[in-house]
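Only a predicted model underlies this, so the values are computations on that prediction, with no experimental measurement involved.
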Amino acid sequence: MPVIAWGPTAFVVDKVEAVEAPSFVSGRAVFRTSTPVVMKGSGRDGAGVRMTRQAWCLPGESEWDVYVEGNLRRKAETLGLDRDVALEQVTWVGPKRSWAVGGASGPGGKKPGACVEVALSGRPETLSALHSWGLGQANSAGMGWIGA
């Protein structure tokens with residue numbers, strides 16, 4: 001396609017060049033996102049009672065690490081890769097942003113998130129695939145994209 005329409009913006013495509021993901025032979029990786037990571041938590045209070053279904057959580061909040069790690073493991077499993085991946089550390093968190101996602105073609109609304117830098121460990125092929133997929137949820141909507 002010579003032109004890609006993304007919202008109100010039109011991109012003219014002159015050339016497409018595949019970029020290989022890093023190999024991560026050490027089994028360790030540092031990912032820094034160029035778009036905010038969005039992640040839903042449980043929506044439960046301290047007693048375990050569901051309070052909301054729109055429980056977006058941010059880095060540094062109690063459920064974020066657990067839910068991001070679970071998200072990474074589900075992605076690895078979906079791809080048929082070793083799901084033993086661990087979030088070792090959150091090394092940087094950018095400012096909170098709320099993004100409008102979706103619209104006429106699907107569910108939308110504002111999703112809060114923040115750009116992050118994280119240290120992960122896992123099998124090299126799993127880390128390479130996750131680098132291409134992104135962090136958190138709504139990656140196909142442009143959230144959680146990892147910078148090259």
> Shared ILVMFWY cluster between Ile146 and Val90, side chains joined below 4.5 angstrom?
Replying inline: yes
> Do Asn71 and Met39 have side chains that get closer than 4.5 Å, going by heavy atoms?
Replying inline: yes
> Can you find a pair of side-chain heavy atoms, one from Pro59 and one from Val116, that are under 4.5 Å apart?
Replying inline: yes
>> Walk me through whether Gln137 and Lys40 qualify under side chain to side chain contact (heavy atoms under 4.5 Å, CB included).
In response: CA-CA 8 Å; Gln137 298 170 322; Lys40 253 189 188 176; 3.6 Å; yes
> Heavy atoms, side chains only, cut-off 4.5 Å: are Glu63 and Ser42 in contact?
Replying inline: yes
> Which pair of non-hydrogen atoms, one from Ala129 and one from Leu81, has the smallest distance, and what is that distance?
Replying inline: CB-CD1, 3.5 Å
> With ILVMFWY side chains joined below 4.5 Å, transitively, what does Val49's cluster contain besides itself?
Replying inline: Met51
> side chain to side chain donor-acceptor pair (under 3.5 Å): which pairs involve residues 18-27, sequence neighbours left out?
Replying inline: none
> Quick one: salt bridge (Lys or Arg N to Asp or Glu O under 4.0 Å) partners of Glu69, sequence neighbours excluded?
Replying inline: Arg73
> Residues in ring pair (Phe, Tyr, Trp, His ring centres under 6.0 Å) with Phe31, at least two apart?
Replying inline: Phe24, His131
> Heavy-atom distance under 4.5 Å between the side chains of Trp133 and Leu79, does that happen here?
Replying inline: yes
>> Given 3.5 Å as the limit, does a donor-acceptor pair link the side chain of Ser128 with the main chain of Pro22, or not?
In response: yes
> What pairs of residues pass the salt bridge (charged side-chain N to carboxylate O under 4.0 Å, His left out) test when at least one of them lies in residues 125-135, not counting sequence neighbours?
Replying inline: Arg123-Glu125
> Does the side chain of Val30 come within less than 4.5 Å of Glu117's, by heavy atoms?
Replying inline: yes
> Do Val19 and Val16 belong to the same hydrophobic cluster, where Ile, Leu, Val, Met, Phe, Trp and Tyr are linked whenever their side-chain heavy atoms lie under 4.5 Å apart, directly or via other members?
Replying inline: no
>> Between Ser121 and Gly27 (side chain of the first, backbone of the second, donor and acceptor by atom type, cut-off under 3.5 Å), is there such a pair?
In response: no
>> Could you check whether any side-chain heavy atom of Tyr67 comes within less than 4.5 Å of a side-chain heavy atom of Glu61, counting everything from C-beta outward?
In response: no
> Closest heavy-atom contact between Gly144 and Val37?
Replying inline: CA-CG2, 4.0 Å
> Stepwise, does the side chain to side chain contact (heavy atoms under 4.5 Å, CB included) test hold for Val3 with Val13?
Replying inline: CA-CA 6 Å; Val3 177; Val13 180; over 6 Å; no
>> Go through it in stages, so that I can follow the logic: the residues are Arg28 and Leu120, the test is side chain to side chain contact (heavy atoms under 4.5 Å, CB included), and I'd like the CA-CA distance, side-chain angles, deciding distance and then a yes or no.
In response: CA-CA 6 Å; Arg28 299 204 170 281; Leu120 305 174; over 6 Å; no
>> Quick one: does any side-chain atom of Thr126 pair with a main-chain N or O of Gly122 as donor and acceptor, under 3.5 Å?
In response: no
>> If you apply the rule side chain to side chain contact (heavy atoms under 4.5 Å, CB included), what do you find for Trp145 with Leu135, and how did you get there?
In response: CA-CA 7 Å; Trp145 288 4; Leu135 293 178; over 6 Å; no
>> If you compare all heavy atoms of Gly113 against all heavy atoms of Pro36, which two are closest, and at what distance to 0.1 Å?
In response: C-CB, 3.7 Å
> Tell me the salt bridge (charged side-chain N to carboxylate O under 4.0 Å, His left out) pairs involving residues 82-92, sequence neighbours left out?
Replying inline: Glu77-Arg83
> Do the side chains of Ser98 and Lys111 get nearer than 4.5 Å, heavy atoms only?
Replying inline: no
>> So which atom in Val118 and which in Thr91 form the shortest heavy-atom distance, rounded to 0.1 Å?
In response: N-OG1, 4.1 Å
> Looking only at heavy atoms, what is the nearest atom pair of Thr52 and Arg50, with distance?
Replying inline: O-NH1, 3.5 Å
> Side chains of Val93 and Trp64: closer than 4.5 Å at any heavy-atom pair?
Replying inline: no
